[in-house]
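A short write-up of the structure that comes next.
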Amino acid sequence: MAFQVFDSLTKEKRIFEPLEPGVVRMYNCGPTVYGRVHVGNLRTFLFADTLRRWLEVLGYEVRQVMNITDVGHLLDDADAGEDKIEAQARRERRDPWEISRGFTELFLADVRALGLREPRVRPKASEHVPEMLAMIEGLIAKGFAYQVGGDVYYEVAKFPRYGRLSGNTVAELEAGARIEVRAEKRHPADFALWKSDPGHIMKWPSRFGPDGFPGWHIECSAMAQKHLGDVLDLHTGGEDNVFPHHECEIAQSEAFTGKPFARYWMHSKFLQVDGGKMSKSLGNVWNLDDVRARGFSTRVLRFALIRGHYRGPLNFTWGILEEARSALEKLDELCADVRAAARGERAAAADQAGQEAVALARERFDAGMNDDLNVPQALASLFELRGALRATGLGREAAAEGLRFLAHAQAALGVLLLEEATLDVRMQALLAARGDARTRKDWAASDRIRDEIAALGVVLQDTPTGVVWRKKE
RNA sequence: GGCGGCAUAGCCAAGUGGCCCAAGGCGACGGAUUGCAAAUCCGUUAUUCCUCGGUUCAAAUCCGAGUGCCGCCUCCA
């Protein structure tokens with residue numbers, strides 16, 4: 001079955017085919033490093049990671065590029081606001097470079113803790129200013145951009161397809177009147193490619209003047225082209241990036257290269273918190289440390305955030321993390337059961353027992369993932385497998401296939417515990433001591449040791465065939 | 001004011017014309033099991049998919065109107 005993705009540009013599901021067979025060029029819009037990433041950001045990056053993982057499972061070589069915006073850019077194209085990295089620097093009374101460096105480190109740590117695979121390149125905007133200037137020069141030369149004093153603007157009227165991605169039209173943008181009119185712009189919707197401002201701290205000299213800095217959108221156009229070439233297969237981001245960011249990128253890149261910029265556009269839906277928008281004023285902008293402080297592991301967070309389809313709204317509450325934790329335990333059991341059966345422990349007499357259930361789960365899993373990354377359906381196949389195996393039993397040979405399937409699922413999802421957990425010597429001694437106490441029917445001692453073990457994070461379960469333990473998250 | 005999305009059980013969440021009296025999860029309830037506890041196992045938990053109208057032999061799925069929520073249009077994943 002072919003992999004289908006929902007393309008935001010055509011607004012329909014399309015079979016995914018890269019330009020070059022076997023190779024996928026993917027650009028993911030990354031963070032602006034002026035603050036700690038929150039769970040909403042993480043959802044979007046997790047979506048990009050899941051996409052990358054699934055493409056790799058399908059056998060593609062994925063050339064993934066995720067940028068880091070470490071250059072301040074104006075809060076809006078009309079120049080009315082201020083640079084947010086510099087604003088944060090002022091609040092913290094620190095150097096803006098130090099701010100962006102610090103939050104870049106935190107971002108990388110967060111994303112690694114969540115199990116995101118490392119992209120091939122993480123280009124920084126600050127290191128690509130020459131490429132941006134080259135593109136700006138090219139746009140001026142081709143008549144798509146114009147210089148006014150030390151500023152350069154993109155002339156939207158020269159690019160008829162402007163608005164195709166977002167559904168906005170230049171005429172409506174004008175009528176909307178929410179764009180502040182700048183006298184020097186030829187059209188209110190024209191956006192900045194380069195700005196001059198001596199007061200800006202992060203700035204570069206160019207032929208437009210000694211104190212300039214790039215517009216927001218140009219960085220992605222320049223970095224994508226440098227690291228992936230003129231035509232991308234996939235470009236992703238959060239839904240808020242559709243307009244203006246991606247609309248402007250298309251205008252810049254396509255005007256510059258004369259080729260379509262990205263073959264498929266994918267956008268993830270915003271994460272809601274407590275049923276509404278997350279905002280600083282409501283105090284519900286949670287980051288990874290908040291999640292940890294509430295006692296949830298990053299694996300539980302990852303599971304909670306991929307449980308909903310990336311294009312649907314997902315409501316973040318502490319309750320969904322608790323649900324996620326309970327549900328994950330079931331999947332951990334499934335993994336443990338399959339491992340045990342593969343070793344011959346508690347395996348069904350018939351080697352083939354459970355084989356059909358494994359095959360069916362795999363089919364359902366792949367069908368889900370191939371349908372525009374329907375992770376909820378893929379996850380359901382794992383739970384169904386668990387139920388089916390309890391009913392049919394699992395033979396040794398079928399278990400080997402089960403293990404291969406679980407490894408396949410794990411490659412795509414990154415939330416399963418495939419490796420056997422081990423207990424340290426001290427824990428083994430405690431378990432033995434409790435076993436002795438139980439044979440003596442010394443329940444008081446046995447329960448005391450069980451509490452001790454529980455305090456160390458291991459849950460015990462007495463079964464007819466012996467004691468089973470599980471590490472608690 | 002313009003553009004777009006969403007609305008499925010107590011909660012989370014798939015399904016987008018017949019296989020749906022609707023997957024899966026969480027929770028709850030009943031039973032089994034157990035030294036106890038936890039866990040586990042078995043069973044139950046939407047004749048119905050926001051409301052109203054329409055199209056169709058057939059609709060959660062298509063169309064229209066309404067209601068509610070969310071996002072974008074100004075930085076934001």
Side-chain angles (χ1 to χ4, degrees), chain A residues 8 11 28-32 34-35 37-48 72-78 80-84 87 163 166-169 171-180 189 216 236-245 247 267-272 275-280 285 303-304 307-317 319-331 333 364 368 371 374-387 390-391 438 441-444 446-447 450-451 454 459-464 468-470:
Chain A
S8 318
K11 293 166 179 61
N28 311 124
C29 270
T32 301
Y34 68 107
V37 291
H38 54 247
V39 288
N41 295 310
L42 293 174
R43 178 190 200 193
T44 297
F45 300 140
L46 222 28
F47 149 63
H73 48 72
L74 291 176
L75 283 172
D76 71 49
D77 294 316
E82 55 183 346
D83 176 307
K84 53 188 170 176
S166 63
N168 291 317
T169 67
E172 278 161 357
L173 286 169
E174 189 167 23
R178 293 193 59 168
I179 301 171
E180 190 171 329
W216 174 35
T236 74
E239 60 173 334
D240 57 310
N241 280 155
V242 170
F243 191 90
H245 190 48
E247 196 74 78
H267 294 95
S268 61
K269 196 85 181 164
F270 261 23
L271 183 72
Q272 291 177 227
K277 189 175 180 171
M278 112 173 37
S279 74
K280 281 181 186 157
V285 182
F303 182 77
R307 268 181 88 196
H309 185 88
Y310 76 90
R311 269 190 303 115
L314 180 66
N315 186 21
F316 182 89
T317 61
I320 69 162
L321 289 181
E322 274 162 34
E323 270 189 30
R325 180 157 54 194
S326 301
L328 254 187
E329 280 177 13
K330 294 276 181 69
L331 294 184
E333 275 172 21
R364 289 254 298 149
D371 183 12
N374 191 335
V375 174
Q377 189 193 314
L379 285 171
S381 77
L382 293 173
F383 287 101
E384 283 162 2
L385 175 63
R386 178 174 177 279
R390 302 257 158 167
R438 292 191 78 225
K441 294 198 191 296
D442 181 353
W443 308 126
S446 154
D447 289 352
R450 183 171 62 197
D451 289 346
V459 179
L460 296 185
Q461 177 183 334
D462 298 317
T463 72
V468 175
W469 55 266
R470 190 182 76 241

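Sequence lines set the chain letters: A, B, ... in the order given, protein chains first and strands last, and positions in each chain run from 1.
One finds the CG atom of L382(A) at 10.5 Å from the CZ atom of R364(A) (value rounded to the nearest 0.5 Å).
Nucleotides rA22(B) and rG15(B) have their C1' atoms positioned 7 Å apart, rounded to a whole Å. Comparing rG5(B) with rC29(B), their C1' atoms are spaced 38 Å from each other, to the whole Å. The separation of rG25(B) from rC73(B), taken at their C1' atoms, amounts to 37 Å, rounded to a whole angstrom. Taking atom P on both rG35(B) and rG43(B), the two are 24 Å apart, rounded to the nearest angstrom. With P as the reference atom, rC62(B) and rG68(B) are 22 Å apart, rounded to whole Å. Separation of the C1' atoms belonging to rU8(B) and rC42(B) is 28 Å when rounded to the nearest angstrom. Atom name C1', nucleotides rA60(B) and rG17(B): the rounded distance is 10 Å, in whole Å. Separation of the P atoms belonging to rG54(B) and rG18(B) is 22 Å when rounded to the nearest angstrom.
Considering only heavy atoms from C-beta on, R450(A) stays 4.5 Å or farther from R438(A) through its side chain. L321(A) is not listed as a side-chain neighbour of F303(A), based on a closest heavy-atom distance of 4.5 Å or more.
S166(A) approaches F243(A) most closely through the heavy-atom pair OG-CD1, 3.3 Å. Closest heavy-atom contact between V37(A) and N41(A): CA-ND2, 3.4 Å. Across all their heavy atoms, G163(A) and E247(A) have their closest contact at N-OE2, 2.9 Å. The shortest heavy-atom contact between G238(A) and T44(A) is N-CG2, 3.7 Å. For the pair F45(A) and C29(A), the tightest heavy-atom approach, listed with the atom from each and the gap, is CE2-O, 3.5 Å.
The distance from atom CG of L328(A) to atom C1' of rG24(B) is 14 Å, rounded to the nearest whole Å. Nucleotide rG25(B) holds its P atom 12 Å from the CG atom of L385(A), rounded to whole Å. When the C1' atom of rA13(B) is taken as reference, atom CD of E384(A) falls 13 Å away, rounded to whole Å. Rounded to whole angstrom, the span from the OH atom of Y310(A) across to the C1' atom of rA14(B) amounts to 15 Å. Summarising the geometry, the separation between CG on N241(A) and C1' on rC72(B) is reported as 11 Å, rounded to the nearest angstrom. A straight line from CG of L379(A) to C1' of rC26(B) spans 14 Å, rounded to a whole angstrom. Between N28(A) atom CG and rA77(B) atom P there is a gap of 14 Å when expressed in whole angstrom units. Atom pair H267(A):NE2 and rC76(B):P shows a separation of 12 Å (rounding to whole Å applied).
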Close N or O pairs between protein and nucleotides 16-18 of chain B (under 3.5 Å):
none

Are there any protein N/O atoms within less than 3.5 Å of an N/O atom in nucleotides 6-12 of chain B, and if so, which ones and at what distance?
| unit_1 | atom_1 | unit_2 | atom_2 | d |
| --- | --- | --- | --- | --- |
| rC11(B) | O2 | E323(A) | OE2 | 3.3 |

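Remark: ring of F383(A) does not overlap the six-membered base ring of rG25(B) in a stacked fashion, as centroids less than 5.5 Å apart with planes less than 30° apart are not both met.
Annotation: ring-ring contact (aromatic ring centres under 6.0 Å, His included) contacts of F47(A) (sequence neighbours excluded): Y310(A). Remark: H309(A) engages no residue in a ring-ring contact (aromatic ring centres under 6.0 Å, His included) (not counting sequence neighbours).
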How would you summarise protein contacts on nucleotides 29-41 of chain B per nucleotide, using B for base, S for sugar-phosphate only and - for none, with heavy-atom distances below 4.0 Å? ------BBBBBSS

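Listed nucleotides: rC75(B), rA14(B), rC70(B). Nearest to the side chain of Q272(A): rC70(B). Considering only side-chain atoms of E239(A), the nucleotide from rG71(B), rA77(B), rC75(B) that sits closest is rG71(B).
Among the protein residues, H309(A) comes within range of the sugar-phosphate backbone only, with heavy atoms under 4.0 Å from sugar or phosphate atoms but none that close to a base. Here G40(A) lies in heavy-atom contact (under 4.0 Å) with a base. Heavy atoms of S326(A) sit under 4.0 angstrom from primed sugar atoms or phosphate atoms, though from no base atom.
The backbone N or O of N374(A) sits nowhere less than 3.5 Å from a side-chain atom of D371(A) that would complete a donor-acceptor pair. Counting only distance, with no hydrogens or angles, the side chain of E239(A) and the backbone of H267(A) share no donor-acceptor pair below 3.5 Å.
When the side-chain nitrogen and oxygen atoms of N374(A) are compared with OP1 and OP2 of rG15(B), one or more of them lie within a distance under 4.0 Å.
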The dot-bracket string of RNA chain B, counting Watson-Crick and G-U wobble pairs with both distances under 3.5 Å, using [ ] for crossing pairs and | for pairs to another strand, is ((((((((.[[[..)..(.....]]]((((((.......))))))....[[[[[..)....]]]]])))))))....

